[in-house]
Amino acid sequence: MTTLIWLRDDLRLADHPALTAACTGAHGPVVALWIHETRRTDEDNNRHGPRPLGAATRWWYHRSLQQLAPRLADLGIPLIFARGDAARIMRRVVDTLQPTFVHWTRRYAPAACRLDAAIKQELKSRTEVHSHPGSLLAEPWLMRTASGSHYQVFTPFSHAVADLPLTPLLPEPSPVDEPDGAATDLATLREDGVLHNLEDIGLLDDGPDWWEDTLAQHWEPGELAARQQLDAIDGWLPGYAKRRDLPGEETSTSRISPRLRCGELSPRQALAAARSSTAAGEDIAAWTRQLYWREFCWHLLHHREHLEDTPMRPAFEEFPYHPDDHLVRAWRQGRTGIDLVDGGMWQLWQTGWMHNRVRMVAASLFTKNMLQPWQDGEQWFWETLVDADEANNPISWQWVAGSGADAAPYFRIFNPELQRTRFDPHSSYVKRWIPEGLARPVVPVVDLAESRREALAAYEQVRAASAAHARPQRG
DNA sequence: AGCATGTTGAA
DNA sequence: TCAACATGC
């Protein structure tokens with residue numbers, strides 16, 4: 001009577017519906033599995049499975065899984081690891097363990113949903129598969145406007161989510177009965193080469209070799225550290241509404257994004273903590289709004305295929321980007337000669353994270369002043385951010401690029417110098433992150449005024465394309 | 001979740 | 001001369 005729980009982006013014990021169900025329904029051993037997944041593309045060019053993790057996120061998962069394994073062991077649950085195609089691995093693991101139940105937390109990206117549905121279908125004859133909520137505040141298919149469609153606009157969506165009841169958080173489950181009950185089967189799977197040690201599933205491959213040390217200086221992955229951070233909310237949430245745009249202030253934001261990315265915290269836990277904090281109403285509102293943005297992005301991603309690399313506004317296919325390796329390299333290396341952007345790119349490279357205000361400015365420079373395709377910048381962030389999120393990252397890039405569905409009626413181009421004087425008035429952020437003595441161009445690699453005019457001219461082609469689309473020629 | 005430009009009115 | 005404000009993109 002074995003129970004299998006397949007962990008994915010839910011690396012925690014508390015408020016974990018799938019884990020709770022696995023433990024409470026178990027009459028026998030419970031085994032937890034985490035797979036370093038590869039993604040498959042079928043003959044119709046459909047992707048199956050989640051987007052392959054970027055290097056910084058892989059580092060985080062490696063550390064977080066290291067922290068999680070002994071905590072699961074305390075519950076009597078071994079955590080086992082595999083690498084490769086999830087469908088094949090699940091087939092092998094289920095064939096050997098022959099679990100009565102398989103539990104997992106739902107994923108919401110269309111490609112991941114396709115894979116999970118296929119696996120569920122395939123396993124149906126051999127075991128009972130249960131998928132659970134846990135990674136979102138609300139299931140995307142339950143959030144409907146009065147007209148029955150899914151929400152396209154953030155504000156009404158956020159109001160609808162805010163009005164939902166927040167049911168009590170789940171505690172960490174109690175230990176299970178037979179901690180060693182599956183040992184023989186697990187040994188077989190190891191001998192067959194299906195299971196590996198955490199160190200051997202490639203999470204630390206392909207990252208810069210010094211990254212391991214530098215990232216560890218700035219972050220402590222794992223559910224316990226995440227909960228400490230959230231428990232300290234009365235220390236950092238007061239003043240958030242006013243200070244959240246100041247990247248030079250160390251505690252101006254919560255830095256909780258990587259915790260939500262890998263599920264060390266559930267969004268429900270974050271929301272509950274905010275609502276019960278002693279902070280002022282405007283601070284609670286400003287921060288929960290950020291949680292709702294995450295939620296909104298996931299709902300959009302669920303309902304729309306190809307958001308990851310295709311513009312939401314089709315007319316943006318006409319935007320005349322001019323790929324230029326020299327500019328891309330300067331941007332990635334934090335050598336554009338523009339202080340706020342270079343500071344941000346160095347913060348990113350050194351810590352795997354960038355303040356959101358600076359992300360917007362860096363992305364604006366990249367897509368507009370530099371005329372580089374947003375997909376290329378998005379891919380760099382995907383590789384280097386420890387919080388790289390399948391929904392948030394591409395949708396935010398699309399928002400900055402102007403290709404998002406609910407973009408402003410004008411073509412927004414940030415002025416990075418103005419943004420620096422406004423949000424980093426004493427240059428404390430810039431000085432903190434740009435290495436001393438770094439060779440940087442004295443004259444910025446793009447002229448801000450000139451490139452602004454060129455970007456506006458480029459946008460005219462999008463306007464022309466959308467006008468042509470709105471008034472199609474009659475034949 | 002913006003910028004540039006122009007106008008106004010007080011110093 | 002330079003803020004604060006208003007407007008169009």
Side-chain angles (χ1 to χ4, degrees), chain A residues 151-159 240-249 252-254 257 282-283 285-300 307 311-313 315-316 318-319 338-341 344 353-371 374 377-378 381 385 387 389 391-425 429 444 446-467 470:
Chain A
Y151 283 91
Q152 315 264 0
V153 182
F154 172 71
T155 304
F157 174 85
S158 68
H159 293 153
Y240 174 82
K242 291 227 160 49
R243 297 186 308 135
R244 63 186 215 88
D245 265 326
L246 304 175
E249 290 193 25
S252 70
T253 69
S254 65
S257 50
E282 62 165 351
D283 295 325
W287 194 69
T288 52
R289 193 177 153 84
Q290 305 310 308
L291 293 176
Y292 298 152
W293 266 112
R294 170 186 181 274
E295 188 81 8
F296 184 56
C297 290
W298 273 101
H299 283 236
L300 284 180
L307 270 183
M312 296 175 77
R313 289 171 66 190
F316 247 83
E318 303 305 318
F319 191 89
I338 294 162
D339 289 348
L340 188 57
V341 172
W353 189 85
M354 196 195 297
H355 187 282
N356 190 54
R357 166 65 46 183
V358 189
R359 292 188 199 196
M360 294 191 288
V361 176
S364 173
L365 186 87
F366 188 83
T367 57
K368 292 170 171 171
N369 301 87
M370 291 181 163
L371 293 176
W374 62 266
E378 194 274 345
F381 273 27
L385 281 169
D387 64 20
D389 182 285
N392 267 314
N393 197 48
I395 289 173
S396 300
W397 270 89
Q398 292 221 38
W399 181 85
V400 175
S403 68
D406 58 345
Y410 51 87
F411 194 61
R412 182 193 295 104
I413 303 173
F414 287 82
N415 179 331
E417 304 292 9
L418 204 52
Q419 291 277 313
R420 210 276 306 147
T421 58
R422 256 182 224 162
F423 299 113
D424 189 30
Y429 177 80
V446 284
D447 179 274
L448 291 177
E450 168 93 25
S451 61
R452 180 175 201 275
R453 286 191 290 272
E454 285 171 10
L456 286 167
Y459 181 62
E460 285 306 308
Q461 300 199 31
V462 172
R463 291 184 39 155
S466 45

Does A:Y410 get its side chain close enough to the base of B:dG2, under 3.5 Å, for a donor-acceptor pair? yes
Give the nucleotide from the list B:dA4, B:dA1, B:dG2 with an atom nearest to the side chain of A:N415. B:dA4
Side chains of A:S254 and A:Q290 in contact at under 4.5 Å (non-hydrogen atoms): no
Do A:Q398 and A:S403 come within less than 4.5 Å of each other through their side chains, counting heavy atoms only? yes
Does the gap between the ring centers of A:Y151 and A:H299 come in under 6.0 Å? no
State whether [X] places a side-chain N or O below 4.0 Å from either non-bridging phosphate oxygen (OP1 or OP2) of [N].
X: A:R357; N: B:dG2; value: yes
X: A:R244; N: B:dA1; value: yes
X: A:Q419; N: B:dC3; value: yes
X: A:R412; N: C:dG8; value: no

According to the 5.5 Å centroid and 30° plane-angle thresholds, does A:W399 stack upon the nucleobase of B:dA1? no
Tell me whether the guanidinium CZ or amine NZ of A:K368 lies under 6.0 angstrom from the six-membered ring centre of A:F414 and within 45° of its axis. no
Using whole Å, what does the distance between atom P of nucleotide B:dC3 and atom CG of A:N369 come to? 11 Å
